[in-house]
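Here is how names work: the chains are called A, B, and so on, in the same order as the sequence lines, proteins then strands, and each is numbered from 1. Because the structure is predicted, anything quoted here is derived from the model rather than measured.
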2 protein chains.
Amino acid sequence: MTRATGSVRRRQLPSTDELRVWREYIETAERLRSRLAARLQAESSLSIGDYQVLLALSEARPRALRSSELAATIGWERSRLSHHLGRMERRDLVRRDECATDNRGAEISLTDTGERAFRAATVPHLRAVREVFVDAFTAPQLDHLAAATGALRSHLAESDS
Amino acid sequence: MTRATGSVRRRQLPSTDELRVWREYIETAERLRSRLAARLQAESSLSIGDYQVLLALSEARPRALRSSELAATIGWERSRLSHHLGRMERRDLVRRDECATDNRGAEISLTDTGERAFRAATVPHLRAVREVFVDAFTAPQLDHLAAATGALRSHLAESDS
DNA sequence: CACCTCTCATTGACATATCAACGATATGCC
DNA sequence: GGCATATCGTTGATATGTCAATGAGAGGTG
């Protein structure tokens with residue numbers, strides 16, 4: 001799996017090995033997501049999205065966030081968040097109030113139900129993360145994975161601009 | 001980021017570092033998926049799912065697959081595939097025919113349109129994989145990533161049983 | 001104030017994913 | 001053959017994700 005040292009510009013397409021790494025990476029990440037989602041759903045009746053929203057709200061000080069701030073925190077489009085908040089509101093997990101300083105705005109906060117649901121979900125979810133993800137690796141592997149993930153993350157961020 | 005060498009059973013929850021690796025891994029994988037999906041859509045008017053289906057069908061010999069075989073090949077639930085094939089059929093990308101040897105069954109094959117769409121999509125998509133994924137890493141990083149992915153994959157497969 | 005432009009959050013339309021239930025057929029066993 | 005059971009693929013309901021369009025209001029500038 002070494003790279004050609006010659007003219008790089010000619011190598012337009014991934015090699016077979018590179019392609020295999022790509023396929024395994026994306027498939028494995030997807031299975032992981034799906035496994036964690038299933039556990040979270042079974043143990044706490046929450047989706048990954050629910051958990052992200054509840055986590056961000058529970059860490060917010062004060063205990064409310066503008067909808068855009070929440071979207072930025074968890075990296076969602078505002079539209080996506082709006083739809084999701086509608087579903088969470090129906091289940092009494094969050095509340096939407098008018099914003100005092102901006103009449104367009106919405107202040108999102110946890111309901112008691114939402115706070116209880118998040119508290120009850122946290123430990124089982126973290127345990128699942130350890131069992132399903134962390135325990136898969138040796139310590140050096142986890143370090144290597146962190147480095148590779150960082151490189152990928154930077155690469156994606158660069159090509160944003 | 002070394003592990004405690006003592007009683008492992010007591011460490012139930014991930015450490016802060018482990019949790020950060022987890023979050024970055026899952027977020028980066030998701031951004032990567034989304035980036036590739038956007039490019040495939042822009043360059044070829046296909047979704048990732050479309051591409052997976054077309055790829056499996058174009059590699060099939062003979063040029064048709066039973067719906068369950070196709071589902072197994074790409075690792076989808078049959079229900080998911082059935083819905084997706086319905087949408088692809090509306091766009092004239094695939095065809096469903098009755099199966100000669102099993103009256104319950106469906107034989108899925110590419111239409112000419114589907115074959116052309118897949119041919120046209122392949123090179124741009126592979127180039128995108130190289131640019132967005134492969135080019136992010138040094139050669140050793142890619143090897144390390146492959147190893148870690150393999151470990152995770154095995155770990156997930158183990159806990160299936 | 002009047003106007004223009006930007007931002008905020010929502011909405012509708014549609015694609016995608018999951019789950020349970022279903023009708024039709026195949027298969028094994030008597 | 002006749003029955004029990006398993007498999008095949010589909011469907012409907014619902015949740016989730018993306019995009020474009022929208023109405024309401026904020027903010028700057030004249």
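When every heavy atom of Ala151(B) is checked against every heavy atom of Phe137(A), the shortest pair comes out as CB-CD2, 4.3 Å.
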Does Arg66(B) form a side chain to side chain contact (heavy atoms under 4.5 Å, CB included) with Ile108(B)? I'd like the steps, not just the answer. CA-CA 6 Å; Arg66(B) 294 292 299 271; Ile108(B) 317 298; over 6 Å; no

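For the segment residues 89-113 of chain B, residues with any heavy atom less than 4.0 angstrom from an atom of DNA chain D are, sorted by number, Arg96(B), Arg104(B), Gly105(B), Ala106(B). Residues from residues 69-88 of chain B lying near DNA chain D, meaning a heavy-atom separation below 4.0 Å, are Arg78(B), Ser79(B), Ser82(B), His83(B) in numerical order. Of the residues in residues 28-61 of chain B, not one comes within less than 4.0 Å of DNA chain D through any heavy atom.
No donor-acceptor pair under 3.5 Å is formed between the side chain of Thr113(B) and the backbone N or O of Leu93(B).
Taking His84(B) as the reference, Trp76(B) meet the ring-ring contact (aromatic ring centres under 6.0 Å, His included) condition, with sequence neighbours excluded.
Salt bridge present: Glu89(B) and Arg96(B) bring a charged side-chain N and a carboxylate O closer than 4.0 Å.
When the shell of 6.0 Å around CZ of Arg91(A) is examined, it contains more than 12 heavy atoms from other residues, nucleotides or ligands. For Glu77(B), the CD atom is loosely surrounded, since the number of other residues' heavy atoms within 6.0 Å does not exceed 12.
Residues in residues 87-129 of chain A take part in these ring-ring contact (aromatic ring centres under 6.0 Å, His included) pairs, two or more places apart or across chains: Tyr51(A)-Phe118(A), Tyr51(A)-His125(A).
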Show me the side-chain donor-acceptor pairs of residues 53-63 of chain B shorter than 3.5 Å, one per line, residues at least two apart or across chains.
| unit_1 | atom_1 | unit_2 | atom_2 | d |
| --- | --- | --- | --- | --- |
| Ser58(B) | OG | Leu54(B) | O | 3.3 |
| Ser58(B) | OG | Leu55(B) | O | 2.9 |
| Arg63(B) | NH1 | Ser58(B) | O | 2.8 |
| Arg63(B) | NH2 | Glu115(B) | OE2 | 3.2 |

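At a cut-off of 3.5 Å, with distance as the only test, a side-chain donor of Ser159(B) or Arg35(A) sits close to an acceptor on the other residue.
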